[in-house]
Amino acid sequence: MINLKMPDGSNREVAEGTTVEQVAREISPRLAKAAACGMLNQQLVDLSHELQEDGEFAIITQDSPEGLNVLRHTTAHIMAQAVLRLWPEAKLAIGPTIDQGFYYDFDLGGHSLAPEDLGKIEKEMSRIIKENLPIQRKELGSDEARELFSKMGADYKLELLADLVDDPSVYTQGDFIDLCRGPHLPSTGKVKAFKLLSAAGAYWRGDSKREMLQRIYGTAFAKKSQLEEHLVRLEEAKKRDHNKLGRELGLFTTVDSVGQGLPLLMPKGAKVIQILQRFVEDEEEKRGYLYTKTPLMAKKELYEISGHWQHYKDGMFIIGDENTDDEVLALRPMTCPFQFQIYKSKLRSYRDLPLRYAETSTLFRNESSGEMHGLIRVRQFTISEGHLMCTSDQLDEEFRGVVDLINYMMESLGLKDDIWYRFSKWDPDNREKYIDNPEAWEYTQKQMKQILDNLDLEYEEAIGEAAFYGPKLDIQARNVHGKEDTIITVQIDFSLPERFDLTYIDKDNTSKRPIIIHRTSIGCYERTLAMLIEKYAGAFPTWLAPIQAKILPIAQVHKDYAEQITKFLKAAGVRVELDSRNEKIGYKIREAQMQKIPYMLIIGDNEVESQSLAVRSRKEGDLGAMEKADFMQRIVQEIAERAR
RNA sequence: GCUGGCGUGGCUCAGGGGUAGAGCAGUCGAUUCGUAAUCGACAGAUCGAGGGUUCAAAUCCCUCCGCCAGCUCCA
């Protein structure tokens, strides 16, 4: 007999060789039905796994996070089997589960998947599910596995196999066989609710020099109702898409003849960005930053010093021809080399440090053509740039100050709950991408890790995501499509002070190198606007709303008083617009509501007579009559508090 | 840059070899109205650009530009 310690703390004795499924069934038939796999000593195991030793044990159900992954992975296998039935020549690459579902990459020879193909594949998958094929695990030796997959001509699997440390296992269902760690559901019939979502190209192992494969994204849930809810959520999310809403609300537009990745901010969008800029600049000033304004371009020699010419040239717009012109300029992709020149403009003392430079800085980056997206990835953008020069003693506190400023910004914008931190390190195996100084990389990363740990930040680590000149703390967020982006970054730079020969004279009268923190406080304004649109579905908090109140006279006779109110509120600094068109009040309200304007002020006979306003809130509807001074006070306070 | 989808009046879309259609928005007129669409008339597109096939191209083919999703990249 072996002894299993159950999640509720109880112990259960079972005979050696009892399967996970039998244990589940003993507990309850319903549990057995809902089970996806078992967990033995923190290791997920198949339901068919025969228990041989004592340990902590749990049954994992399909609707738990781990169980859902198992279900989705099994669905991915079913999809692969279906694809092989439809395209027998197809070669399988990888098919992992991801956050909200799964994908599988295929080499389909020359065939590219069209949307219609997804329906065909789904149909075949349903067939496989109906066939209820048992899914079986088999452990193989490396040689055995290699022989099996080379016989199948499964080149990609062979490549994966070569990197595998443990002995490989394979899973079979009917005539389908796949290299897989598992676990899996016991049979294909266990999958009740799945949907294929999209097909797109994807490079093998993410390497643009390698084969372009066909990737199919899909998802699966334990219950049909959960799948349907998920699909509805996806639809709802798409309605918040900044790229759609931002255009509908007249915040920005793009024009073919201007060019890709070059959105035009219209008065309303520009207004939001202006508010953000003023907010950031004022806050930075309070925190001891000095404001600079530096050129948008420079000679290539400057970028040769900074290393951009060697490491970032593809990302820059270059003016002139290196081979024929005496002077070649480049639009700036970053502000650092420019602010360094200001630092260098005179001899610095330790007494000058820390020195905090900020700039509302427009940058240009030559993104690849397939990459541009609304306001999120563009070729020209404006960022809350800044560089802090400090001594190593000051580094910790300055870094802390930067993180505090960032958190304050995110809190103020209501984005704090939507972001997370990422510690981005270099990739020692990719020397070309980075300034080559391994000791300095390792040292700086260690230093940064210590600072982060002292800050008590929860963060994830990412290898190969560092800037070419140093490690970063990135603040990450997801857009409505679930795609992750860096919105803010803080970097410790060990390299550029050296390259630019930045110095200060220390107490002991010797020349030392300052340490530089590159940072942004809310990142790029365009991207922030995009995030805000998606966060609030276009309905900005009053302080950020381009139009804060719309004044709606009921009939022409009320126009004079409406104009008076408009002036009154404008004088108080409120952004108001008067809609004196000859339309019915319901029409005007509907339009203001669709423009997501926070307040509608309705003016008719009653209001003219009592010198008041009928206030309607976008959120709460009719608020009834209010003295005009009371309303003014209310909205001014709401704006000052940056209420959400 | 790569894979796929797409591009028709300001917007959303229909038409898919025989010389453009709707709704909304716009303009004009009527209506003067109390909390999410008043009625009517008018105007507006050489169908992303260029080239080709054809008696005839928005429609078929090619190239380019742009938009969308994904991959590489990145704020």
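Letters A, B, ... are given to chains in the order of the sequence lines, protein chains preceding strands, and every chain is numbered from 1.
Applying the side chain to side chain donor-acceptor pair (under 3.5 Å) rule to pairs touching residues 585-596 of chain A yields A:R581-A:E591, sequence neighbours excluded. Applying the ring pair (Phe, Tyr, Trp, His ring centres under 6.0 Å) definition to pairs two or more places apart or across chains, none involves residues 254-273 of chain A.
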query = What is the per-nucleotide protein-contact pattern of nucleotides 5-14 of chain B, from the 5' end, where B denotes a base atom under 4.0 Å from a protein heavy atom, S denotes such proximity for sugar-phosphate atoms only, and - denotes neither?
reply = S---------
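The base-pairing partner of B:rC67, taking Watson-Crick or G-U wobble contacts with both distances under 3.5 Å, is B:rG5. In a base pair of the Watson-Crick type (N1 to N3 plus N6-O4 or O6-N4) or a G-U wobble (N1-O2 and O6-N3), with each distance short of 3.5 Å, B:rC13 is matched with B:rG21. In this entry B:rU32 has no Watson-Crick or G-U wobble partner, no candidate having both defining distances under 3.5 Å.
In this model, a side-chain donor or acceptor of A:Y203 finds a partner on the base of B:rG1 within 3.5 Å.
Spacing between atom OH of A:Y312 and atom C1' of B:rC73 amounts to 9 Å, rounded to whole angstrom units. Atom CD of A:Q593 is separated from atom C1' of B:rA37 by 13 Å (rounded to the nearest Å).
For A:K244, the salt bridge (charged side-chain N to carboxylate O under 4.0 Å, His left out) criterion is met by A:E248, not counting sequence neighbours. Taking A:K238 as the reference, nothing meets the side chain to side chain donor-acceptor pair (under 3.5 Å) condition, with sequence neighbours excluded. In this view, A:D436 and A:R431 satisfy the salt bridge (charged side-chain N to carboxylate O under 4.0 Å, His left out) rule, not counting sequence neighbours. For A:K313, the salt bridge (charged side-chain N to carboxylate O under 4.0 Å, His left out) test picks out A:E322, with sequence neighbours left out. Take A:E284 and apply the side chain to side chain donor-acceptor pair (under 3.5 Å) test, not counting sequence neighbours, and it matches A:R519, A:S521. Take A:R422 and apply the salt bridge (charged side-chain N to carboxylate O under 4.0 Å, His left out) test, not counting sequence neighbours, and it matches A:E465, A:D474, A:E484.
Proximity note for A:Q214 (side chain, C-beta onward) versus B:rG34, B:rU3, B:rC71: the nearest is B:rU3. With distances taken from any side-chain atom of A:S112 to the nucleotides B:rC73, B:rU3, B:rC74, the minimum falls on B:rU3. Comparing B:rG70, B:rC67, B:rC33 against the side chain of A:K483 picks out B:rG70 as the nearest.
The residue A:T486 sits close only to the backbone: its heavy atoms come under 4.0 Å of sugar-phosphate atoms, none of a base. Nucleic acid contact for A:E591: none, since no nucleic acid atom lies under 4.0 Å from a heavy atom of the residue. Counting any heavy atom pair closer than 4.0 Å across all strands shown, A:Y217 reaches sugar-phosphate atoms only and no base atom. Residue contacts for A:T520: at a heavy-atom cut-off of 4.0 Å it reaches no nucleic acid atom on any strand shown. At the heavy-atom level, A:Q260 lies under 4.0 Å from the strands shown only through sugar-phosphate atoms. Here A:Y587 lies in heavy-atom contact (under 4.0 Å) with sugar-phosphate atoms only. Using a 4.0 Å heavy-atom criterion, one finds that A:R215 contacts the sugar-phosphate atoms exclusively.
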Indicate every side-chain donor-acceptor pair of residues 270-277 of chain A with a distance under 3.5 Å to a residue at least two apart or in another chain.
from   : atom 1 : to     : atom 2 : distance (Å)
A:K271 : NZ     : A:Q274 : OE1    : 2.8

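Salt-bridge formation is not detected for the pair A:K433/A:D427: no Lys NZ or Arg NE/NH1/NH2 atom is positioned less than 4.0 Å from an Asp or Glu carboxylate oxygen. Salt-bridge annotation for A:E159 and A:R210: present, with a side-chain N of the basic residue lying under 4.0 Å from a carboxylate O of the acidic one.
Taking the nucleotide of RNA chain B with the nearest heavy atom to each of A:A614 and A:N243, the more 5' of the two is matched to A:A614.
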Please write out the pairs of protein N or O atoms and N or O atoms of nucleotides 43-45 of chain B separated by less than 3.5 Å, giving the distance to one decimal.
none

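Cation-pi contact between A:R332 and A:F338: present, with separation from the ring centre below 6.0 Å and deviation from the ring axis of at most 45°.
B:rG18 and B:rG9: their C1' atoms are spaced 23 Å apart (whole Å). B:rU8 and B:rU46: their P atoms are spaced 13 Å apart (whole Å). Nucleotides B:rG4 and B:rC62 are separated by 13 Å at their P atoms, to the nearest Å.
RNA chain B is contacted by A:I602, A:G604, A:D605, A:N606, A:E607 of residues 596-609 of chain A, taking any non-hydrogen atom closer than 4.0 Å.
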